[in-house]
Visitor: 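This is the structure I want to talk about, given as structure tokens.
In what follows, chains carry the letters A, B, and so on, assigned in the order in which the sequence lines appear, proteins first and then strands, with residues in each chain numbered from 1.
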There are 2 protein chains.
Amino acid sequence: MNSIPATVRWEDGVDGHLVLLDQTRLPGEAVELHCRTVEDVWQAIRRLAVRGAPAIGVAAAYGVCLSPGPRGLTFDSVLAACDYLATSRPTAVNLFWALDRMRALARACEGVADGELAERLLAEARAIHADDVAKCAAIARHGADLLADLPPGSGILTHCNAGALATGGDGTALGVVFELARRGKRPHVWVDETRPLLQGARLTAWELVQRGVGCTLICDSMAAEVMREGRVAAAVVGADRIAANGDAANKIGTYGAALLAAAHDVPFYVAAPANTFDLSIASGDLIPIEQRPAAEVASGSGPLTAPAGVAVYNPAFDVTPPRLIRSIITDRGVIQPVNRDTVARMLGRSR
Amino acid sequence: MNSIPATVRWEDGVDGHLVLLDQTRLPGEAVELHCRTVEDVWQAIRRLAVRGAPAIGVAAAYGVCLSPGPRGLTFDSVLAACDYLATSRPTAVNLFWALDRMRALARACEGVADGELAERLLAEARAIHADDVAKCAAIARHGADLLADLPPGSGILTHCNAGALATGGDGTALGVVFELARRGKRPHVWVDETRPLLQGARLTAWELVQRGVGCTLICDSMAAEVMREGRVAAAVVGADRIAANGDAANKIGTYGAALLAAAHDVPFYVAAPANTFDLSIASGDLIPIEQRPAAEVASGSGPLTAPAGVAVYNPAFDVTPPRLIRSIITDRGVIQPVNRDTVARMLGRSR
């Protein structure tokens, strides 16, 4: 592979289409997926060809710009597309945030020519994308400043993928790691493989290898032992939705990893942009947790590795409470300690 | 499948051979593996066709009875077989315990005719096997008595496989579950899939489904969430070697599961026969931990699911300290609290 395709990109102007790096085929192949209809984008989000809360938001924004047919985009078609894309996945709030921005833009355009509507929608989607790039960069800076005292070569544990593949930019949790690497801190990343869908093994390890950042892949069940051995100086993960009290929903296994970190006095950080916060939700109990198919667990890599028909529980996310989170690293700065007041203070402004 | 083959059995008397249920092919197929040489047995243990500390001990004992060639068993060939089988896997102490018993029997037979040696060795291996059946039954009784106050339908979490497939008998941790089921307590088992080799998904779930015990398969990373939801009343696991202070080596992920149990006030029990204790070892730091190949993590189910060549850490076991263990359920009774004194008191007698 000489050049790595972008996670999300728009091809060819106002009559163009959305191109995604198909993450279901990594790390074996870096293949692009061309989405020419809203349905294509919905399917890509649902089957995790694009995943990661910020990247889903960016992809959905572009998805709204896809023409629904020969008549082109109209105010009604745009609202219908927003409503439809909002049903693709329930947990990551960035999806709804991006669709709300697209809806608001459409409403602001009521009365303009449909051709101009298309241009202004695409400009908005591009702005959401650029915004995400900038947010990742800001998170990386704030996070690397926060971790500036880590000795060179320190071990950093992460769970799932919160890198360039999860965002429009350079990542949230991995953005911090990449910035530490740029600053010469030689971080060594302990990569939870992240069952059932192995986003850690398939995506995070792949990004780190591509960028020459030292890493070791482990099963999720090995994190406790690696911490006990004193190899982990900090844990940094992303988030899919953060409630007003700081409860952070992220990939299933994050809550367990945070408990293990607490048991070993390893500081646990969440890195997420402001639009991952959902201040309309008081606590994590109210975050809808996606339940995914049993087959992801029972035959994750192809062959059936469990008795046929066995009951499976497969929640895609869990919620880590603020008592287990040392800080939340946002694009606006670092929230520490994490509680309702400090979240409100940092996020209270308009997004 | 109308009848389930035995985990370990000896076929056809003193000139016979060892037959194992090939656990690498479960749950897809219940296929028997015929071991006619000591090398066959060594390979079967190494590649986990037979696994589980007690079952390895029983298989190794029978392995010593396999004739090394036309001249048949001799004192020297028996000692050589014992030395060789001891190199198959390093962590489970039952292997060394069984081989020591076979060595001692051979020494006691010095001078007897080689034909009689073969008969006495096979009788000793059968005794080790019968002993394990009885130990499993005793553990099941003590454990079910200990958990007698659990309300019917209680959730019990287990990690890896400590069932009939791991022993010569009915299991250690799962033996307790089966006994609770026989007593009408309707236990519901939360089965950690147990990466990387999925002994939970492939073996434990299979045993539970075969026996009609309610169970739900989860990824290891979901145990914390299931506990948080209040679904787990107790956790019960097996062990591969227990040091004099109660440090218990078991499948990687056990230590993490014990920490998660502690964080949710879920009592954590270890079930193991007396011959899993290694009183010659003061603490778990001295237990040799087997490191297994990277491919088990990077391409566990066939296809490569990590970037080629990525570094992998794959310890097969971890050590759970006594502060995280409510009780150790042995065939001799229940050790509670777990410390050097209580272990010595229960295990001090001859085995």
Side-chain angles (χ1 to χ4, degrees), chain A residues 26-28 159 190-196 198 200-202 205-206 208-210 214-226 228 231 251-260 262-264 294 297-315 318-319, chain B residues 26-28 159 190-196 198 200-202 205-206 208-210 214-226 228 231 251-260 262-264 294 297-315 318-319:
Chain A
L26 289 174
H159 190 77
W190 292 89
V191 181
D192 273 1
E193 64 174 0
T194 315
R195 281 281 290 158
L198 300 173
R202 295 190 303 105
W206 185 79
L208 293 166
V209 167
Q210 294 286 338
C215 64
T216 303
L217 176 63
I218 56 172
C219 296
D220 307 325
S221 61
M222 296 168 189
E225 172 61 14
V226 172
R228 191 195 65 81
R231 300 174 188 246
K251 179 56 54 199
I252 187 74
T254 302
Y255 167 56
L259 285 168
L260 299 177
H264 295 91
V297 176
S299 54
S301 295
L304 188 67
T305 51
V310 69
V312 170
Y313 183 48
N314 185 16
D318 56 25
V319 174
Chain B
L26 290 174
H159 190 76
W190 292 88
V191 181
D192 272 1
E193 65 173 0
T194 315
R195 280 282 290 159
L198 300 173
R202 295 191 303 106
W206 184 78
L208 293 166
V209 167
Q210 294 286 338
C215 65
T216 303
L217 176 63
I218 56 173
C219 296
D220 306 325
S221 61
M222 295 168 190
E225 172 61 14
V226 172
R228 191 195 66 80
R231 300 174 188 245
K251 178 57 52 200
I252 188 73
T254 302
Y255 167 56
L259 284 168
L260 299 177
H264 295 91
V297 176
S299 53
S301 295
L304 188 68
T305 50
V310 70
V312 170
Y313 184 48
N314 185 16
D318 57 25
V319 174

Visitor: Contact between Met222(B) and Asn314(A) at the side-chain level, heavy atoms closer than 4.5 Å - yes or no?
Guide: yes

Visitor: Count the heavy-atom pairs under 4.5 Å between each of Gly256(B), Pro315(B), Ala306(B) and chain A, then report the option with the highest count.
Guide: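 Among Gly256(B), Pro315(B), Ala306(B), the one with the most close pairs to chain A is Ala306(B).
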
Visitor: Between Thr254(A), Thr216(A), Leu208(A), Leu217(A), which residue shows the highest count of heavy-atom pairs closer than 4.5 Å to chain B?
Guide: Leu217(A)

Visitor: Below 4.5 Å from any heavy atom of chain B, which atoms of Glu225(A) appear? Answer side chain, backbone, both or neither.
Guide: both

Visitor: Given heavy-atom pairs under 4.5 angstrom as the criterion, report whether the side chain, backbone, both or neither of Ala263(B) touches chain A.
Guide: side chain

Visitor: Indicate yes or no: at least one non-hydrogen side-chain atom of Ser221(A) is less than 4.5 angstrom from one of Glu193(B).
Guide: no

Visitor: Quick one: which of Ala223(B), Gly253(B), Ala262(B) has the most heavy-atom pairs under 4.5 Å with chain A, could you say?
Guide: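 Max contact count across the listed options: Gly253(B).
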
Visitor: Under the side chain to side chain contact (heavy atoms under 4.5 Å, CB included) rule, collect the residues that match up with Val226(A), sequence neighbours excluded.
Guide: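 Applying side chain to side chain contact (heavy atoms under 4.5 Å, CB included) to Val226(A) gives Trp190(A), Ile218(A), Arg231(A), Val232(A), Tyr313(B).
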
Visitor: I'd like to know which of Val310(A), Ile252(A), Leu259(A), Asp192(A) tops the heavy-atom pair count under 4.5 Å against chain B.
Guide: Ile252(A)

Visitor: Looking only at heavy atoms, what is the nearest atom pair of Pro307(A) and Ala201(B), with distance?
Guide: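 Closest pair (atom of Pro307(A), atom of Ala201(B), distance): CD-O, 3.1 Å.
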
Visitor: Who among Cys219(B), Gly200(B), Cys215(B) has the most heavy-atom pairs with chain A under 4.5 Å?
Guide: Cys219(B)

Visitor: For Arg202(B), what residues pass the side chain to side chain donor-acceptor pair (under 3.5 Å) criterion, not counting sequence neighbours?
Guide: none

Visitor: Side chain from CB out, backbone as N, CA, C, O: work out which of these in Val209(A) comes under 4.5 Å of a heavy atom of chain B, or both, or neither.
Guide: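 Looking at Val209(A), just its side chain touches chain B.
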
